[in-house]
Amino acid sequence: MNYDFSKIEAKWQKYWAENQTFKAENNSDKEKFYVLDMFPYPSGAGLHVGHPLGYIASDIYARYKRHQGFNVLHPMGYDSFGLPAEQYAIQTGQHPAITTKTNINRYREQLDKIGFSFDWSREVRTSNPDYYKWTQWIFIQLFNSWYNNDTNKAEDISTLIALFEKEGNATVNTVSDDDILVFTADEWKAFDTKKQQEILLQYRLTYLAETEVNWCPALGTVLANDEIINGVSERGGHSVIRKKMTQWSMRISAYAQRLLDDLNTIDWPQPLKDSQTNWIGRSQGASVTFNVLASEAKQSHQIDVFTTRPDTIFGVSFMTLAPEHELVATITTPEQKAEVDTYIQATAKRSERERMADVKTISGAFTGAYAEHPFTKEPIPIWIGDYVLAGYGTGAVMAVPCGDQRDYDFAKKFDIAIPNVFEGVDISEEAHADKDKTVIANSDFLNGLPYKKAMKLAIYELEKIGHGKGKINYRLRDAVFSRQRYWGEPFPVYYVDGMPKMIDAKHLPISLPEVEKYLPTETGEPPLGNATVWAWCTKENKVVDNSEINNETVFPLELNTMPGWAGSSFYFNRYMDPNNTEAIFSDDAINYWQDVDLYIGGSEHATGHLLYARFWQKFLFDKGVVPKNEFAKKLINQGMITGTSAFVYKDLKLYFTTDEKDKKQLSLNQHKFDQKWVISYNLLSNQEFLLKLFKNTKPSSPGALKLYEKVFNGTEKYIVKAAVNAIHADVSFVNASDELDVEAFKNWREEYKDAEFLLEDGKYIVGREVEKMSKSKYNVVSPDSICEEYGADSLRLYEMFLGPLEQSKPWNTAGITGTHGFLKKLWRLYIDDNGTKFTDAAPTKDNLKTLHKTIKKVAEDIENFSFNTSVSTFMICVNELSSQKCTSKEILEALAILVSPYAPHIAEELWQQLGHTTSIATAPFPAFDASHLVESSKEYPISFNGKMRFKLELPLDLSKEEIEATVMAHEKTIAQLQGREPKKVIVVPGKIINIVG
RNA sequence: GCUCGAGUGGUGGAAUUGGUAGACACGUUGGACUUAAAAUCCAAUGGACAUUAGUCCGUAUGGGUUCAAGUCCCAUCUCGAGUACCA
């Protein structure tokens, strides 16, 4: 009986589905283990072999944990709201729900073929109203909360109102909007409801505010900071401009410190933690207030700055404001107005991208105004410059040119003084930004102090005179939560007199309305503005026709939708109890499953999904909804699988040179053939071949003829070089030896129908290059085709065999014959043409040694996520057992279980052939017994001066002295030494012997 | 620029605490079987020299520590990822 993988795999996939083998129970005496994959966005292109890499790794781990007796939760679902489906809808009119469903079905089909042990009864789709009901629910919880810095957690908004009623807002310690009006308890009570609501919005964890946003005109929506890469949109690469809009925002800044601190409590990759740390961007320093010197006509103003170097405050020689700073217009003197206005206009025109690309150009303008130094009372000129960002800190800096390179460059350019406040430091060439070992000078009371002490004292003195205080600043901005798109979660929000009101949670979900067109309306409103049934009736508590809006009982609904990250910020919790209609999940479910034990996914989500999900988890933790402050204990980033592109070479041109290095001659003396040639890879550097080719096709043009004469009749020796155009060939036309199926290629590309292929040894060999897997490079390999040709087990093994999980590595289908051959060999260990081979024979010593060596290594490998090395271990094991002619059932049963997490189909089949009637999935993992590995002797490497010269088998119970004596007496040792007396003999029992001298 | 990661045969990679560099595969070469092909099996395969025995070189480069370095330290180069005027 042969290894018929397609029959076996179909059989067991059906068995698992019918028997719900991998259904996880929420009530179990077993210990829980939660293995999670980042759920995919179901794109129209389907999966390529790179996508399942992480899923295979997590599946191996999940299956291993089942063998270890855990109750394993291993779910899968779809992040099914998103831009591509909507873009497609705009182009074709097809409802995104339909495309999304089609894509999901295709994904499911592909996933099923690979044999994952997902509990599909728990599938979630973020675009499903049963699911986004809870996205909306969390939004309402955020709206009804504020952040209390005293208790350091989110609290219900009612506790804030109680505070206001008792003592106003002066003493409230919170994270809120910046420009907050201070009021007393009496004033609060006197405010009308609308005013009160406006004030509360400034404190809520999700709030509506006019913010400067990243507007992408091409996509017709705003983007979050993490959706912009190098100043253009992550999706599509469209330009992004800054624009003021009223938007929902999430007050993630309230959690900045906790998001930073708790990174220490989770086992996540360091690079990922680093990038979150970076993104949060905590910096410690002080805020300092400068008074603007009032010119006669004007009232006094103050400018707040944030600085990390209050110790250098005596080095301030000017101030710089962002061109957008609100005070610019007010303080600019009439004489400078024209210059300032010109500058502001010029910078406004430059896009974010230009500004970023052009860091070198220093530009700015003087406002004519002066501020007063808080200590020296000296006047300080106030400039504006676009190196100061409006969005960071206060949009203003105190410039200390001696200690900051940007300030230094600015001062040089505009000829501003550069006072030196560092002891013994030369600043004639550049600023001195180093903090350590720096001693402050020329700074009144700070003189002679090192950086740290000066910093403390400066803050103390600033506080004393009321001109500043210690402050911690974060780069992390509040996250814009509104998108002007159709295919996203609707907000459970309606507007009364311009103020947002939450729909009561019991009326959720608020389902996405139908629209005629998915584009913005003619008046520039988001696509939901096209909906005709999109108003909230407070009497009937349902969505009604827009015509019923009377702003008394029926009100307009919010037109924005939520961003892509909304639905993915809590799905891991929803999997615990995904079909619950009463609650986001039951108490039993969350208390049992708690959190994710292992999360596997791509590193591209470092500052998006993974930061937002941590934020929501912390919020839900504060509200007592979830028991854990962090949702995933351990996280692994799988590396990308790249493609191995194949190239053919056309448009052959020859260059002649007399010297390998003489590049000048290369550009002269060239000859292009008229023939339509496609030349094989190795011929490109074959002198003999190229010369012959040139000789045989004697050119007709005078120039080329001259060259011909020179090369063949001249006295000088020429080196010939080929230049070609490389074009991609579909990788499916290329075999394991890089040989191109020329006929298939010709049929694929009409224009090469009559081209002449210059072959080597009768073959056309392609060039190879590693590139990202993409349709346009014709290097995409789909898992379906691999499953069809080699089987899912071969695919699973091969994906793991390619290399370490975290590393990126190129895919080359050629190598899969290795793991496929292994499975055949494994099969033959159990079954051959005459049927099953296993017997009740007692295992031999060698059998046991091989098995237990394998058990030990594989268990260690899985725990360390070193899946590639286990595959080699299996190969070694099967090679050894084969040559031992092992037929022992005891050994073969254990081996089937070991292999089962990696190659589950063949393992199930062998398990059944061995006589079992239940699935192998929960068979206990074989126990390791070290006694089988105990050796009595060791083949010692004998080194001379560190170089291994020969090996010697010696009993392990010899003492150091005995070993040394035996080795020194050995004939090969004597031969090596050739009469020399060794200086030293190092003996490490059980390891090595090194003879020095 | 800054931060992090990585450089090992023709290729993917192994070497877990400093102790036999190149496991395991792919590819290549030769052989067996076959009318032939596929499949399968056997052997060789880092480089150079050598009839053999063996010798020398070899983990990006240059130094260092050590009886012993792919592994530790210093410097340099190259590639990849993230980030980018963050005051």
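Protein chains get the first letters and strands the later ones, always in sequence-line order, with residue 1 at the start of each. These figures come from a predicted structure and were not determined experimentally. Computation of the quantities below employed the complete heavy-atom set of this structure, encompassing side-chain atoms and omitting hydrogens, waters and symmetry-equivalent molecules.
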* So A/D407 and A/Y387, side chain to side chain donor-acceptor pair (under 3.5 Å) or not? Walk me through it. -> CA-CA 9 Å; A/D407 294 343; A/Y387 80 96; 2.7 Å; yes
* Asked: A/E860 and A/N864: side chain to side chain donor-acceptor pair (under 3.5 Å), yes or no, with the steps?
  -> CA-CA 6 Å; A/E860 278 170 8; A/N864 294 322; 5.8 Å; no
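Taking the six-membered ring for Trp and the full ring otherwise, A/F867 and A/F801 have centroids separated by 6.0 Å or more.
Nucleic acid contact class of A/N879 (heavy atoms, under 4.0 Å, all strands): sugar-phosphate only. The residue A/N864 sits apart from the nucleic acid: no heavy atom pair falls under 4.0 Å. Within the nucleic acid shown, A/V988 comes within 4.0 Å of at least one base atom, counting heavy atoms only. Residue contacts for A/Q405: at a heavy-atom cut-off of 4.0 Å it reaches no nucleic acid atom on any strand shown. Within 4.0 Å (heavy atoms only), A/S603 reaches no atom of the nucleic acid at all. Looking at heavy-atom distances under 4.0 Å, A/K857 makes contact with a base. Backbone-only contact: A/R949 has heavy atoms under 4.0 Å from sugar-phosphate atoms and none from a base. Within the nucleic acid shown, A/D404 has no heavy atom closer than 4.0 Å to any nucleic acid atom.
One C1' atom belongs to B/A69, the other to B/U17, and the distance between them is 14 Å to the nearest Å. Across B/A6 and B/U20, the matching C1' atoms stand 26 Å from one another, rounded to whole Å. Taking atom C1' in both B/C86 and B/C73, the straight-line distance is 35 Å, to the nearest Å. Taking the P atom of each, B/G9 and B/G46 are spaced 13 Å apart, rounded to whole Å. B/G70 and B/C26 have their C1' atoms separated by 23 Å, with the value rounded to a whole Å. For B/U28 and B/A15, the P atoms lie 27 Å apart once the distance is rounded to whole Å. Rounded to the nearest Å, the gap between the C1' atom of B/C49 and that of B/A60 is 26 Å. The gap from the P atom of B/U51 to that of B/G64 amounts to 36 Å, rounded to the nearest Å.
Distance from the side chain of A/R406 is smallest for B/A87 among the nucleotides B/U40, B/A87, B/A25. With B/A39, B/A87, B/C56 as the choices, the nucleotide that has an atom nearest any side-chain atom of A/Y392 turns out to be B/A87. Here the nucleotide nearest the side chain of A/A814, chosen from B/A23, B/C26, B/A87, is B/C26.
In terms of position along RNA chain B, the nucleotide closest to A/D274 lies nearer the 5' end than the nucleotide closest to the other residue of the pair A/D274 and A/G815. Toward the 5′ end of RNA chain B lies the nearest nucleotide of A/Q807, the other residue of the pair A/S275 and A/Q807 mapping further downstream.
At least one side-chain nitrogen or oxygen of A/R475 sits closer than 4.0 Å to the OP1 or OP2 atom of B/A84. Distances shorter than 4.0 Å separate some side-chain N or O of A/S737 from OP1 or OP2 on B/U28. Checking the phosphate oxygens (OP1, OP2) of B/C67, a side-chain nitrogen or oxygen of A/K984 falls inside 4.0 Å. Under 4.0 angstrom from either OP1 or OP2 of B/A39 there lies no side-chain N or O belonging to A/K824. Using a 4.0 Å cut-off, no side-chain N or O of A/N945 falls inside it from OP1 or OP2 of B/A68.
Applying the 3.5 Å distance criterion, the base of B/U55 shares no donor-acceptor pair with the side chain of A/K947.
Taking a cutoff of 4.0 Å between a charged side-chain nitrogen and a carboxylate oxygen, A/K857 and A/D861 qualify as a salt bridge.
Checked options A/E789, A/H820, A/E799; the residue passing with A/S794 is A/H820 (criterion: side-chain hydrogen bond (donor to acceptor under 3.5 Å, both in side chains)).
Using cut-offs of 30° and 60° for the angle between ring planes, the A/H609 and A/H605 rings count as perpendicular.
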